[in-house]
Asker: 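Have a look at the structure that comes next, please.
Whatever order the structure lists them in is the order used to number ligands and atoms, beginning at 1.
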Amino acid sequence: MSRTALRVCPLCEATCGLTLTIEGTRVTGARGDAEDVFSKGFICPKGAALGALDADPDRLRTPLLRENGRLREASWAEAFDAIAAGLRPVVERYGPDAVGVVLGNPNAHTVAGALYPPLLLGALRTRSLFTASTVDQMPKHVASGLLYGDAHAIAVPDLDRTDHLLLIGANPLESNGSLCTAPDFPGRLKALRARGGRLTVVDPRRTRTARLADRHVAIRPGADALLLAATARTLFAEDLVDLGALAPHVEGVAELRAALADFTPESVAPACDVEADVIRALARELAAAPTAAVYARIGSCTVPHGTLASWLVDVLNILTGNLDRPGGALFPLAATARAPRPAGPGHGFQLGRWHSRVRRLPEAKGELPLAALAEEIDTATEGGEPIRALIVVAANPVLSAPDGDRLDKALGSLDFMVSVDPYLNETSRHARVVLPPPPPSQSPHHDFVFNAFAVRNQVRYNRPALPLEPGRMAESEILARLTLAATGGHGADPGAVDALAVEQTLAKAVRDPDSAVHGRDPGELAARLTGESGPERRLDLMLRLGPYGDGFGARPDGLTLAALLAHPHGIDLGPLRPRLPGPLKTRSGKVELLPAPLAADLPRLRAARDERPAGLVLVGRRHLRSNNSWMHNVPALTGGSNRCTLHLHPEDADRLGVLDGAEVRVKGAGGEVVAPAEVTDAVCPGVVSLPHGWGHGRPGTRLGHAATTPGVNVNQLLDGSLLDPLSGNAVLNGIPVELTAVLPGESS
Ligand SMILES: Nc1nc2c(c(=O)[nH]1)N[C@H]1C(S)=C(S)[C@@H](COP(=O)(O)OP(=O)(O)OC[C@H]3O[C@@H](n4cnc5c(=O)[nH]c(N)nc54)[C@H](O)[C@@H]3O)O[C@H]1N2
Ligand SMILES: Nc1nc2c(c(=O)[nH]1)N[C@H]1C(S)=C(S)[C@@H](COP(=O)(O)OP(=O)(O)OC[C@H]3O[C@@H](n4cnc5c(=O)[nH]c(N)nc54)[C@H](O)[C@@H]3O)O[C@H]1N2
Ligand code: SF4
Ligand SMILES: [Mo]
């Protein structure tokens, strides 16, 4: 007998609603849920393979504990005993900063990952926090922090209503979108064109997204900030600046005009490989469109001027009056966000409140650069202890961060390491204790993170499709127990962690004169929460205090967990609406168009006009049937065109004597790798491309299928020294490399 269950897909940011087929205790099929309020039936091959991913025989079923150098299966009690015994002495002897915390990408895709790491960090009080954000979107956070006073205030393009989309360094036909949650992004782009809108794509590769565009600008990698500065400068020079309704909320327009005055299209054109007239056309088209949105992702963030580029994206939206208006770029309002407050000046955003120990790199948003993790472990300095113990949750930095070999060695030298991970992979193989979370089918789902970046306000919640199998522990309980073990509360009731979180939130809310529950009794409110588990009660709390919530009776029609459970396909909360000045938390209470740290970084950008390195540069790429480093163990998702090959242009191939399919040696500052060449004119001459997340098959891992086609680790080409200075984000794109053909018979 089979049945179905609804489940939002946790595999990428598109958050598609799926209908799972369940036979016994297994997911045997997945199709798009046609009634889902947001995704309306869309699905991609990864979602369709959710059953296979869920049932991967290599998924760990019990905790692993290292004894005499070998990992053995252990009980949960043994595992948490070992964690408390391993971590507490490090904290007590060397202080909390000697315990590092690494949070990886899937935390943004799980209920547990959203709710517990903040509690762990709050209780542990370590400044040694590293996350995937600094190999990803940290430049966007910093730009938003400086512009709006809130690093989480990220405007997303109004895909469904815009007349003109300038899409930069993103390839949503493969990635399905990022910092722009939009199930069926491809369909939404096609709809834009069908309604007479215009799509421009800026990418050094002729991607599937670029092929859909009206105009493809094949920019030189790393040059987006220059291109965008010259586009903004053109708006000023041609008198095309029109802030519209934004004008009263923005300061610094004249200063910005002066600061960008010398970024003429002619002066940046050679560094961008884009003609000055094309840059002028980009500006004119943006200004002329009834509504327009500029949107940029990975290709504009993981570069030397990532924060400047991210800032300039918003600058263009502001100068053309497109920020915060329908059809432009708007701030979503998620159901679990804080209810809007009266506008007014805030505390602003600060960078560099502390620094890393070795390179003295500034923190951003409370994080240190992931590219500095290895040195923070393996390098002694005077005045400060190295990291001696590490808590890794849902991260595989040996493959996803620069110089994996160095990090690999550093992890091996730690006094203690715990990984919360379903796989024994390149990173978790170093752990003393591995705590495996259950597969998606046995976990609840709510998009705490991605609803804040969604192109439509909506809310969905799924209970686990299957009960926990015997011996499993919910990831929320794993993280609650881990928090207790790491912070001196080992053995306490994990439910106390949720109760404390509820208590703290309610205590704050009842004191807040702008809250719907101001002045009420927190104990009475806590007693009214519904839900089968701690995380469900916390979700209920956030929904009820949130912008659409019932305010515990203040708005009887408002959202609650119960209301959400009654709508299994989700609740639509409408299109994005203008919200300014509400989201602003700058000290001035305005959008600060030219923040001092960005102005101070402009000379570096100016100099970049004349620094065009000779030789080849490397960029990454994503494939629809892959996701970062952890989906290469599912046969249905590997093979075919999803392979770890080096794309290079026929002209470069000819010049270097590289044949299609032959092995080629790629050398970078951090090392070298050998990969098969794929000769294609989809990359510009001078640009080569290798995907990330490959390089499996290290000893001690348990990824049977991935090890058969391991690929190579592109991040080994990096030595971790190249960063965007303001955000600490690693430079992963536009890196100089040397290529040589591997001769037949030569060993690789
Ligand atoms: N060269 C290059 N490098 C890149 C990028 C690039 O474009 N180019 N992209 C960067 C980006 S954008 C990102 S986000 C990072 C991603 O890098 P990471 O944050 O390291 O993420 P993943 O590689 O996806 O690894 C995720 C880990 O989480 C585990 N996992 C999967 N599901 C769960 C779960 O439900 N619970 C728990 N606890 N663990 C789970 C997986 O087994 C895996 O070990 O990589 C970055 N690295
Ligand atoms: N299938 C799949 N989907 C994914 C992921 C995955 O690994 N696979 N990862 C998820 C994650 S963690 C993230 S963060 C998102 C990322 O989502 P996207 O940002 O859409 O990711 P990419 O597909 O890497 O697209 C980046 C594009 O930037 C281009 N590029 C490189 N350098 C430059 C440059 O200097 N300038 C410009 N203008 N372009 C440049 C590359 O050629 C590439 O086409 O995708 C998410 N979705
Ligand atoms: S697009 Fe993303 S969310 Fe949708 S089915 Fe594919 S992997 Fe899942
Ligand atoms: Mo990412």
Asker: Heavy atoms, side chains only, cut-off 4.5 Å: are Cys684 and His649 in contact?
Answerer: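 Sidechains of His649 and Cys684: no contact.
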
Asker: So is Gly734 touching ligand 2 or not, going by heavy atoms under 4.0 Å?
Answerer: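 In this structure, Gly734 fails to qualify as a contact of ligand 2 - no heavy atom is under 4.0 Å.
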
Asker: Which protein non-hydrogen atom lies closest to atom 32 (N) of ligand 1, naming both residue and atom, and how far is it?
Answerer: Trp630 CH2, 3.6 Å

Asker: Going by the atom numbers of ligand 2, which of them fall below 4.0 Å from some non-hydrogen atom of Asn105?
Answerer: 12 (S)

Asker: Does the residue Lys46 have a heavy-atom contact with ligand 2, meaning some pair of atoms that are separated by less than 4.0 Å?
Answerer: yes

Asker: Nearest protein heavy-atom contact for atom 10 (C) of ligand 1: which residue, which atom, what distance?
Answerer: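 The closest one turns out to be Val135 O, 3.2 Å.
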
Asker: For atom 43 (C) of ligand 1, grab the closest protein heavy atom and report residue, atom and distance to one decimal in Å.
Answerer: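 Among all protein heavy atoms, the one nearest atom 43 (C) of ligand 1 is Asp421 OD2, 3.4 Å.
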
Asker: For ligand 1, which atoms sit closer than 4.0 Å to a heavy atom of Asn425?
Answerer: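 Taking each heavy atom of Asn425 in turn, ligand 1 has 42 (O), 43 (C), 44 (O) under 4.0 Å.
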
Asker: Which residues satisfy the ring pair (Phe, Tyr, Trp, His ring centres under 6.0 Å) test with His632, sequence neighbours excluded?
Answerer: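 Residues passing ring pair (Phe, Tyr, Trp, His ring centres under 6.0 Å) with His632: Trp694, His696.
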
Asker: Taking Val434 as the fixed residue, which of Thr62, Val392, Leu424 is the one that meets the side chain to side chain contact (heavy atoms under 4.5 Å, CB included) rule?
Answerer: Leu424

Asker: Is Arg604 salt-bridged to Asp724, cutoff N-O under 4.0 Å?
Answerer: yes

Asker: Show me which atoms of ligand 1 lie under 4.0 Å from any heavy atom of Val420.
Answerer: 37 (C), 38 (N), 39 (N)

Asker: Say whether Ser178, considering both its backbone and side-chain N or O atoms, lies within less than 3.5 Å of an N or O atom on ligand 2.
Answerer: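 No, no N or O pair falls under 3.5 Å.
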
Asker: Going by the atom numbers of ligand 1, which of them fall below 4.0 Å from some non-hydrogen atom of Asp136?
Answerer: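 Answer for ligand 1: 12 (S), 14 (S).
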
Asker: Backbone or side chain, does any N or O of Glu174 fall under 3.5 Å from an N or O of ligand 2?
Answerer: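 Right, the criterion is met.
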
Asker: Purely on distance, is any nitrogen or oxygen of Asn627 under 3.5 Å from one on ligand 1?
Answerer: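 No; every N/O pair is 3.5 Å or more apart.
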
Asker: Have His705 and Thr638 got a donor and an acceptor in their side chains that come within less than 3.5 Å?
Answerer: yes

Asker: Which option out of Cys12, Gly306, Ser626 puts a heavy atom nearest to atom 2 (C) of ligand 2?
Answerer: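 Ranked by closest heavy atom to atom 2 (C) of ligand 2, first place is Ser626.
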
Asker: Tell me, which protein residue and heavy-atom name are nearest atom 46 (C) of ligand 2, and how many Å apart are they?
Answerer: Ser175 O, 3.9 Å

Asker: Considering only the protein, which heavy-atom contact is closest to atom 6 (C) of ligand 1, and what is its distance?
Answerer: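 Nearest protein contact, heavy atoms only, for atom 6 (C) of ligand 1 is His692 ND1, 3.3 Å.
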
Asker: With heavy-atom distances below 4.0 Å as the criterion, list the atoms of ligand 1 near Pro437.
Answerer: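 The atoms of ligand 1 under 4.0 Å from a heavy atom of Pro437 are 36 (N), 37 (C), 38 (N).
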
Asker: Considering only heavy atoms of Val714, which atoms of ligand 1 have at least one such atom less than 4.0 Å away?
Answerer: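 Heavy-atom distances to Val714 below 4.0 Å select 1 (N).
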
Asker: Have Thr134 and Asn729 got a donor and an acceptor in their side chains that come within less than 3.5 Å?
Answerer: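 No.
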
Asker: For ligand 2, is Ile219 a contact, meaning one of its heavy atoms is under 4.0 Å away?
Answerer: yes

Asker: Which residue owns the protein heavy atom closest to atom 44 (O) of ligand 2, what's the atom, and how far is it?
Answerer: Asp203 OD2, 2.6 Å

Asker: With side chains defined as the heavy atoms from C-beta onward, is the minimum distance between Arg211 and His216 less than 4.5 Å?
Answerer: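 No. Closest side-chain heavy atoms not under 4.5 Å.
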
Asker: What protein heavy atom sits nearest atom 40 (C) of ligand 1, and how far away is it?
Answerer: Pro422 CD, 3.3 Å

Asker: Quick test: of every protein heavy atom, which one is nearest to atom 25 (O) of ligand 1, and how far off is it to 0.1 Å?
Answerer: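 Ranked first by proximity to atom 25 (O) of ligand 1 is Ser629 OG, 3.5 Å.
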
Asker: Considering only NZ, NE, NH1 and NH2 on the basic side and carboxylate oxygens on the acidic side, decide whether Arg208 and Glu174 come within less than 4.0 Å.
Answerer: yes

Asker: Would you indicate whether Arg643, at its atom CZ, is surrounded by more than 12 heavy atoms from other residues, nucleotides or ligands within a distance under 6.0 Å?
Answerer: no

Asker: What are the atoms of ligand 1, with element, lying closer than 4.0 Å to any heavy atom of Gly104?
Answerer: 19 (O)

Asker: For atom 33 (C) of ligand 2, what is the closest protein heavy atom, and at what distance to 0.1 Å?
Answerer: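 For this ligand atom, the closest protein heavy atom is Gly299 O, 3.4 Å.
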
Asker: Considering heavy atoms of the protein only, find what lies nearest to atom 36 (N) of ligand 1 and give residue, atom and distance to 0.1 Å.
Answerer: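 Going atom by atom, the protein heavy atom closest to atom 36 (N) of ligand 1 ends up being Glu475 OE1, 3.1 Å.
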
Asker: Considering only the protein, which heavy-atom contact is closest to atom 18 (P) of ligand 1, and what is its distance?
Answerer: Ser400 OG, 3.5 Å

Asker: Under a 4.0 Å N-O cut-off, is there an ion pair linking Arg406 with Asp719?
Answerer: no

Asker: Could you tell me which atoms of ligand 1, counted from 1 in the order shown, lie closer than 4.0 angstrom to a heavy atom of Tyr423?
Answerer: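 Here the atoms of ligand 1 in question are 42 (O).
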
Asker: Apply salt bridge (charged side-chain N to carboxylate O under 4.0 Å, His left out) to Arg625 and list each qualifying residue two or more places apart in sequence or on a separate chain.
Answerer: none

Asker: Under 4.0 Å from a heavy atom of Gly222: give me the atoms of ligand 2 that qualify, with their elements.
Answerer: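 Selected atoms, number and element: 34 (C), 35 (O).
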
Asker: Looking at Asp405 and Arg698, does any basic side-chain N land under 4.0 Å from a carboxylate oxygen?
Answerer: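 Yes, Asp405 and Arg698 are salt-bridged.
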
Asker: Looking only at distance, does Glu13 have an N or O less than 3.5 Å from an N or O of ligand 2?
Answerer: no

Asker: Within the 4.0 Å heavy-atom shell around Ile298, which atoms of ligand 1 are there?
Answerer: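 Matching atoms, with element in brackets: 12 (S).
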
